[in-house]
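Provided herewith is a single structure, encoded as structure tokens, for subsequent inquiry.
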Amino acid sequence: MTTYTPSEIEARWQTAWDKAGTFKALRDPSKPKYYVLEMFPYPSGRIHIGHVRNYTMGDVIARYKKSNGFNVLHPMGFDAFGMPAENAAMASGGHPKEWTYKNIDDMVEQMKPMGFSLDWERMFATCDPEYYGQQQALFLDFLEAGLVYRKNAVVNWDPIDMTVLANEQVIDGKGWRSGAEVERRELTQWFFKISDMAEELQDALNDLDDWPAKVRLMQENWIGRSRGLEFSFERSDGGDPISVYTTRPDTLMGASFVGISPDHPLAKELAATNPAVQTFREDCNKGGTTAEALDTAEKLGFDTGLKVKHPLDPNWELPVWIANFILMDYGTGAIFACPAHDQRDLDFCRKYDLPVVDTFFDLENGAPVQKDAFVPPKEQKVRWVDHFAGLTEATGQDAIDATITFAENAGWGTGKTQFRLRDWGLSRQRYWGCPIPVVHCDDCGVVPEKKENLPIKLPDDVSFDIPGNPLDRHPTWRDTPCPACGKPAKRETDTMDTFVDSSWYFARFTAPRAETPTEKADVEYWMNVDQYIGGIEHAILHLLYSRFFARAMQITGHLPEKAREPFNALFTQGMVTHAIYKTQRQDGRPVYYYPEEVELRDGSAFLKEDGKEVDIVPSAKMSKSKNNVVDPMNIIEQFGADTARWFVLSDSPPERDVEWTAAGAEASYKFLNRVWTLCQRISAMEDGDSSQDVALRKELHKAIHDVTMGVESFGFNAAIAKLYAFANILSKSKASKPAMREAIMTLAQLMAPMTPHLAEDIWHHHGGEGLLANAPWPKADESLLVDDTVTLPIQINGKRRAEIEVPADMDKAEVEKIAMATDAVKKALDGGSAKKVIVVPGRIVNVVV
RNA sequence: GCGGACGUGGCGAAAUGGUAGACGCAGCAGACUUAAAAUCUGCUAUCCGAAAUGGGUGUGCGGGUUCGAGUCCCGCCGUCCGCACCA
């Protein structure tokens, strides 16, 4: 007897699909389309087991939809620009381009054996000039439409690497690579006008019914809509009034001082004549803009000596302070402080000995502010002191609304909606990115490049031996005639943030070789992405940027109206984790061991070398430094792709993390082996007992129903459990050969989305017609799903005491009669009568005594 | 600080308000084998009991709604995640 040899089976069927062009996606208006997309990988060089899980889920959906008659688009590409390529070049002297394309080749080599139903002909990398050239064309269109602009902005600057760092790249105030103290620096940068769409981006979240609520909520918090009042304080010295924004205008009678940001124009103006102000501003700019840096930063203030008039009482003067905690790019960059009802303001006022005035009290306790600021929820009713809108007892929200109305009527303020969302700064002082296609001309200023000159390609002859941007110091690349006047001019040397590259690739997949960013007929047909799958780590940035891009592309005519929201459904999958085995050295530092170095016994781990017990940290994120990474290629070599695919889907629900265990992978392999053996056994069997056929067919159709439901609802682990259960039933069945054959072939069909190679092999072994990959999905026969008789549990006062077997269609009264006649019920009633009897047909009987 | 999710056997986990623990791992017993591995069969929440189509307990804790709660509501405790000087 032959054995299950995945390497042979998998190669054979991959070749067959390839030859037949089974997964090639062609536009076909006669068929409904389905676009499945997994977030494309960064070409690090190795496929990670997390990728395998992500693409397997997408592949299950793609194959399932194909068998349900959809014309499926399932593409793959690479998010190929970014810092790791430059870092590799700096570390080992190669070129980012070679490094990247080599990695892409390696990864494609590793992905092909997985048997994903991908249309490889559509593959591209974002570092292909054919791709980023079209991205430059989009940029020019956005520029013309006013969706991109240039402005000064404060950024994290690494003085050693000489580049801007993203907030995530600043650790404890130091550059993550150089270790240098990060400075705040003002630079002229390009920005996408995403804040213009804040309202729309937030409102439209409500319609994304097939997105996880968690992701929608995270985006909502990020966009951060708030409603408040904007008004101005007149200056006592007659200077320009100071405009402020507040969400708590109701606390105006508790104002203590007016604060402005160190970057506020007034602060700059004062600094010009007063060196002390300038020194203070510089002190504020030390340290990064990261959350940690801000969290630990002490509140600093500087009294300008200026005074402003309270809008409700011209005789009430408030001092103007410069304070380091006030952000220039939120609201107006100026506030009024109410220490009684804001902890941060209270801290500041205590430090600088400024007055604290209560504006409302707790209804019950009534006490004035003592240790902490009194900040009740806005819905809570409080007692107001001297409220100018005439309130005595009201909630904070009512007071806010009344105050805004009052201010608008009196003409000294206007209600305003503010967003937390800032414009997206896209300039990076990097080589390995998409060049920003503009030219700086001494006469004409900033001039967009002509579209016929695109792509503006990156030069190949660059060096990474010294820090800074190689484009900046390239001898000739910058030189170019001005597109407007033709005189010698200089190119922009900043490149685009790599998030730009991934913000529209989904649209490009619909026509990856088009001479324009998109092709009308293709985006009309293929958009939107019907199912998008990826990690929760992209919940905010990538998904928000893509939503912005889809709108911007729609405005500039590159996408149809329906693609304003590009992803109809989103699924965020969990990680693949693995236990860590470690011990501690005497100096407290951990020593990590590879899984091969330890032996597992009764839930404990021992070193093979000397039998010493080691600590187990379960379910940890895979990390090279912790020696707990599993390489999918090893798994494929050992067990085959189908086993790897089966395992990553089983055990845990897809949205949750799944722990990779050697035992689990082996169990998957054993199961596939069993199914394969069963397939052989059935073809070799003599005829069986046909009286068993109906029972088997009923189980089969239940399995069809359950697996279909599981796949439809992303319950892959539950679908797999059903497949195990049915395979167990089938292997024990004594039914006739035709019934067994029908069952194993249908089992193969049901397994095909998860283990396509084995399924295809079984299908052919039993004479299935054509490729299983093209076969229609089996339909459950409703009449076989219902049993003739059902077993009903009988509860007495909600506790299960007995069960009865009755015909499924028996009416309630009849069931009740039988139930009441059981020994358990008779005993419980003890001659008396039941208070109540509940009969749920086909479910349960509950007798209340 | 603000927002959210989750909490079920030794472990990963199932369960439209209707028999809690499907399925898998681990464990135990048996068959096959000279033996082991592989494979196959059976058992496996927990306590009492020799056993029982015996009984008690049981889905983090405390209450509530309901004939009936892992599931719904209220309050705690714990774990994880996101955001955070946002006026």
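The chains referred to below are lettered A, B, ... by the order of the sequence lines, with proteins before strands, and numbering in each begins at 1. Just so it is clear, the structure is predicted and the values come from calculations on it, not from any experiment.
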How close or far is atom P of B:rG12 from atom CZ of A:Phe716, stated in whole angstroms?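 In whole Å, B:rG12 P and A:Phe716 CZ are 22 Å from each other.
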
Answer with base, sugar-phosphate or nothing: what part of the nucleic acid does A:Asp342 contact at a heavy-atom distance below 4.0 Å?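 Counting heavy atoms under 4.0 Å across all strands, no contact is made by A:Asp342.
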
B:rC23 base / A:Lys722 side chain donor-acceptor hit below 3.5 Å: no

Expected output is a numbered-order residue list: members of residues 220-232 of chain A with a heavy atom under 4.0 Å from any atom of RNA chain B. What is it? A:Asn221, A:Trp222

Assign B:rG7 to syn or anti; the rule is syn for a glycosidic angle within 90° of 0 and anti otherwise. anti

For A:Arg656, the salt bridge (charged side-chain N to carboxylate O under 4.0 Å, His left out) test, sequence neighbours excluded, returns none

Nearest-Å distance once atom P is located in both B:rC32 and B:rU44: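 Result for the P pair: 24 Å, nearest Å.
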
With nearest nucleotide decided by heavy atoms, which residue, A:Glu655 or A:Ala721, maps closer to the 5′ end of RNA chain B? A:Glu655

For A:Phe257, run the ring pair (Phe, Tyr, Trp, His ring centres under 6.0 Å) check against A:Phe233, A:Phe302, A:Phe348, A:Phe336 and tell me which one passes. A:Phe348

Can you classify the ring geometry of A:Tyr669 versus A:Phe639 as parallel (below 30°), tilted (30 to 60°) or perpendicular (above 60°)? tilted

Answer yes when A:Arg422 and A:Asp329 have at least one side-chain N-carboxylate O distance shorter than 4.0 Å, and no when they do not.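 Looking at A:Asp329 together with A:Arg422, the answer is yes, because their closest N to O distance falls below 4.0 Å.
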
Do the two ring centres, one from A:Phe360 and one from A:His341, sit under 6.0 Å apart? yes

Please state whether the base of B:rC83 and the side chain of A:Arg420 form at least one donor-acceptor pair under 3.5 Å? no

When the P atoms of B:rG7 and B:rU71 are compared, how many Å lie between them, rounded to an integer? 10 Å

Indicate, with a heavy-atom threshold strictly under 4.0 Å, whether A:Arg801 touches base, sugar-phosphate, or nothing.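 Touches sugar-phosphate only.
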
OP1 or OP2 of B:rG12 versus the side-chain N and O atoms of A:Ser652: is any pair under 4.0 Å? no

How are the rings of A:Tyr545 and A:Phe499 set relative to one another: parallel (under 30°), tilted (30 to 60°) or perpendicular (over 60°)? perpendicular

For the pair made of NZ in A:Lys826 and C1' in B:rU53, what is the distance, rounded to whole Å? 16 Å

Separation between the P atoms of B:rA20 and B:rA13, rounded to whole Å: 23 Å

Under 4.0 Å, heavy atoms only, any strand: does A:Lys670 hit a base, just the sugar-phosphate, or nothing?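 Sugar-phosphate only.
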
Starting the side chain at C-beta, find the nucleotide from B:rU19, B:rA26, B:rA87 nearest to A:Ile844.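 The closest nucleotide is B:rU19.
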
Separation between the P atoms of B:rC2 and B:rA69, rounded to whole Å: 34 Å

NA contact type, A:Ile720, heavy-atom cut-off 4.0 Å: base, sugar-phosphate, or nothing?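 No contact.
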
Taking any heavy-atom pair under 4.0 Å as a contact, classify A:Thr246: base, sugar-phosphate, or nothing. sugar-phosphate

Over 60° means perpendicular and under 30° means parallel, so tell me whether A:Tyr352 and A:Trp321 are parallel, tilted or perpendicular. tilted

Protein-nucleotide distance (A:Arg422, atom CZ; B:rC86, atom C1'), rounded to Å: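 From A:Arg422 CZ to B:rC86 C1': 7 Å.
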
Send over the distance from A:Ile796 CD1 to B:rU19 P, rounded to a whole Å. 16 Å

When the P atoms of B:rC72 and B:rG18 are considered, how many whole Å apart are they?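 Nearest-Å result for B:rC72 against B:rG18 at atom P: 11 Å.
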
Strand RNA chain B in bracket notation, Watson-Crick/G-U under 3.5 Å with | for pairs to another chain: (((((((..(((.....[....))).(((((.......))))).((((.....))))..(((((..]....))))))))))))....

Show the distances under 3.5 angstrom between N or O atoms of the protein and N or O atoms of nucleotides 5-10 of chain B.
none

Pairwise P distance for B:rU8 and B:rG1, with rounding to whole Å: 26 Å

Check: protein-nucleotides 15-17 of chain B nitrogen or oxygen pairs below 3.5 Å:
unit_1	atom_1	unit_2	atom_2	d
B:rU16	O4	A:Arg843	NE	3.3
B:rU16	O4	A:Arg843	NH2	3.4

How about A:His705 and A:Thr708: do any of their side-chain heavy atoms sit closer than 4.5 Å? no

Can you check nucleotides 65-68 of chain B for protein contacts, nitrogen or oxygen pairs under 3.5 Å, and list what you find?
unit_1	atom_1	unit_2	atom_2	d
B:rC67	OP1	A:Lys836	NZ	3.4
B:rC67	O2'	A:Asn846	ND2	3.1
B:rC67	O2	A:Asn846	ND2	2.7

Given atom NZ of A:Lys732 and atom C1' of B:rC40, what is their separation to the nearest angstrom? 10 Å

A:Leu217 atom CG is separated from B:rG4 atom C1', nearest whole Å, by 6 Å

Atom OH of A:Tyr669 and atom P of B:rA38: how far apart are they, to the nearest Å? 13 Å

Between A:Tyr724 and A:Phe671, what is the ring plane arrangement, given parallel below 30°, perpendicular above 60°, and tilted in between? tilted

Using the P atom as the point on both nucleotides, what is the distance between B:rG78 and B:rG27, in whole Å? 36 Å

Under 4.0 Å, counting only non-hydrogen atoms across every strand here, what does A:Asn728 touch: a base, just sugar-phosphate, or nothing?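 Sugar-phosphate only.
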
Same-atom distance (C1') from B:rC48 to B:rA22, integer angstrom: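 Roughly 28 Å separates the two C1' atoms.
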
Angle between ring planes, A:Phe716 versus A:Phe714, binned at 30° and 60°: parallel, tilted or perpendicular?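 Answer is tilted, since the angle falls between 30° and 60°.
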
A:Tyr724 vs B:rG24: side-chain N/O to OP1/OP2 distance below 4.0 Å: no

Earlier contact from the 5' end, RNA chain B, for A:Val845 and A:Ile326: A:Val845

Length of the line joining A:Leu723:CG and B:rA14:C1', which is rounded to integer Å: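 One finds 15 Å between C1' of B:rA14 and CG of A:Leu723, rounded.
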
